[in-house]
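Beneath this line is the structure, given in structure tokens, with notes to follow.
Quick note: numbers below take in every heavy atom, side chains included, and nothing from hydrogens, waters or symmetry partners. Note that ligands are numbered from 1 as they come in the structure, with each ligand's atoms numbered from 1 the same way.
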Amino acid sequence: MTISCSYEFFPPGNALGERRFWRTLGCLETLHPSFFSITYGALGSAQDNSVSTIKNVLAESQVPVAAHLTFEGSTKEEINQVAIQLRDMGVDKIVALRGDDRDNALSAAQRGACYNNVAEFIAGLLEIHPFDISVACYPEVHPKAKDADEDVSELKNKVEAGASRAISQFFFDLDAIDRFQERVSAAGISVPVVPGILPIRDFAKMTQFAKRCGTVVPKHLYERFAPAKDDPALAAIIAKDHAEEFIDSLHQRGYERFHIYTLNQPIELAQCAVSPLAVRPQVANA
Ligand SMILES: Cc1cc2nc3c(=O)[nH]c(=O)nc-3n(C[C@H](O)[C@H](O)[C@H](O)COP(=O)(O)OP(=O)(O)OC[C@H]3O[C@@H](n4cnc5c(N)ncnc54)[C@H](O)[C@@H]3O)c2cc1C
């Protein structure tokens with residue numbers, strides 16, 4: 001079975017982050033990923049840094065780049081201008097997102113000039129350029145969605161607007177992805193769901209992050225990481241084993257594409273996530 005991986009980065013915010021970013025990216029490049037994606041304003045990072053980071057990656061790397069773009073807090077004109085700038089730089093992959101609520105208060109007139117949902121945003125992007133568009137999906141339901149059905153119906157709208165794949169929020173519960181895939185199939189959504197994988201670097205931090213995202217951390221993971229509470233070296237070994245097993249289980253379920261949330265961190269964990277797959281017959285660009 002042909003498999004492929006994409007790796008997500010956020011724009012580095014200082015000199016140390018910059019070094020870590022390039023070291024990680026350089027190592028992962030050797031695995032021939034399907035693309036590197038660069039977040040836009042995620043985790044509080046400045047949106048402006050995203051475009052300049054993408055420019056640098058395009059100059060330094062042969063790997064295709066997908067630019068995340070969020071419309072929340074921007075007028076159509078503002079976010080369209082960013083998309084035009086990206087198109088002119090040679091970017092043809094976009095991860096089209098709503099984004100989380102931002103602090104910048106828009107006036108009523110500005111709000112009237114904004115995209116209302118991701119499907120509208122995709123339509124606007126496709127008027128600018130025939131971008132290859134990915135969207136986000138939520139195996140355990142987005143925390144703000146009314147219910148699982150509404151969540152999947154929103155995903156269907158995004159696909160009908162032109163999205164080619166749905167990259168999932170990170171999750172650890174294999175039953176959750178099975179149930180989600182059932183809802184997706186029942187809704188007649190035929191684009192691939194790409195599991196989003198978060199290698200666990202810091203278990204305590206991960207649990208806080210998971211809470212905010214609505215990701216359930218199963219009891220067996222708490223038990224598995226408990227002996228490593230004060231032992232980072234042991235935690236790293238457990239994390240590597242877990243990432244490998246998790247990806248392997250998904251692969252056995254038929255998933256061929258994976259999106260790895262690298263958090264720009266040194267590469268061992270991001271790489272180990274694919275190592276059980278890398279030894280299989282083909283690792284291909286997709
Ligand atoms: C792969 C991936 C990459 C991401 N990259 C970034 C990034 O680069 N920058 C960034 O800022 N964020 C990023 N996010 C986070 C994302 O912006 C948030 O999860 C956001 O809240 C929803 O975005 P969406 O595109 O999924 O929106 P939608 O598809 O609109 O929302 C998903 C579901 O949540 C519901 N929902 C969302 N917001 C609301 C609301 N305000 N009221 C009611 N229902 C709501 C929708 O109805 C839908 O069911 C990423 C998430 C994923 C999974």
Next item on the list: Could you please spell out the steps behind the side-chain contact (heavy atoms from CB on, under 4.5 Å) verdict for Arg20 and Gln265?
Entry: CA-CA 7 Å; Arg20 183 182 289 152; Gln265 291 296 322; 3.7 Å; yes

Next item on the list: Please check if the distance between the ring centroids of Tyr138 and Phe180 is under 6.0 Å.
Entry: no

Do the ring planes of [X] and [Y] sit parallel (below 30°), tilted (30 to 60°) or perpendicular (above 60°)?
| X | Y | answer |
| --- | --- | --- |
| Phe246 | Phe172 | tilted |
| Phe36 | Phe9 | perpendicular |
| Phe121 | Tyr115 | tilted |

Next item on the list: With sequence neighbours excluded, tell me which residues meet side-chain contact (heavy atoms from CB on, under 4.5 Å) with Ser168.
Entry: Cys137, Pro139, Phe171

Tell me whether [X] has any N or O atom under 3.5 angstrom from an N or O of ligand 1.
| X | value |
| --- | --- |
| Ser168 | no |
| Glu8 | no |
| Tyr261 | no |
| Tyr40 | yes |
| Gln169 | no |
| Leu97 | no |
| Arg98 | yes |
| His259 | no |

Check: Is it true that Gly196 lies under 4.0 Å from ligand 1, counting heavy atoms only?
Finding: no

Notebook entry, point to check: Going by heavy atoms, is Val95 under 4.0 Å from ligand 1?
Noted result: no

Give the atoms of ligand 1, by number and element, whose distance to some non-hydrogen atom of [X] is under 4.0 Å.
| X | result |
| --- | --- |
| Val118 | 25 (O), 27 (O), 28 (P), 29 (O), 30 (O) |
| His68 | 3 (C), 4 (C), 5 (N), 6 (C), 7 (C), 8 (O) |
| Glu150 | 47 (O), 49 (O) |
| Thr70 | 9 (N), 10 (C), 11 (O) |
| Ala136 | 26 (O), 52 (C), 53 (C) |

Checklist line | Side-chain ion pair, Glu244 and Lys240, N-O less than 4.0 Å | finding: yes

Item checked: Set of salt bridge (Lys or Arg N to Asp or Glu O under 4.0 Å) partners for Asp132, sequence neighbours left out -> Lys93, Arg165

Next item on the list: Report whether Val57 and Val82 are members of the same hydrophobic cluster (ILVMFWY, side-chain heavy atoms less than 4.5 Å apart, transitive linking).
Entry: yes

Option whose closest heavy atom lies nearest to [atom], chosen from [options]:
| atom | options | answer |
| --- | --- | --- |
| atom 16 (C) of ligand 1 | Phe10, Phe170, Phe71, Tyr138 | Tyr138 |
| atom 48 (C) of ligand 1 | Thr39, Leu155, Asn117, Asp151 | Asp151 |
| atom 34 (O) of ligand 1 | Lys158, Lys144, His142 | His142 |

Next item on the list: Would you check if there is a donor-acceptor pair between the side chains of Ser6 and His259 at a distance under 3.5 Å?
Entry: yes

Note to self: Quick check: closest heavy atoms across Phe170 and Thr215, and the distance to 0.1 Å?
What the structure shows: O-OG1, 2.9 Å

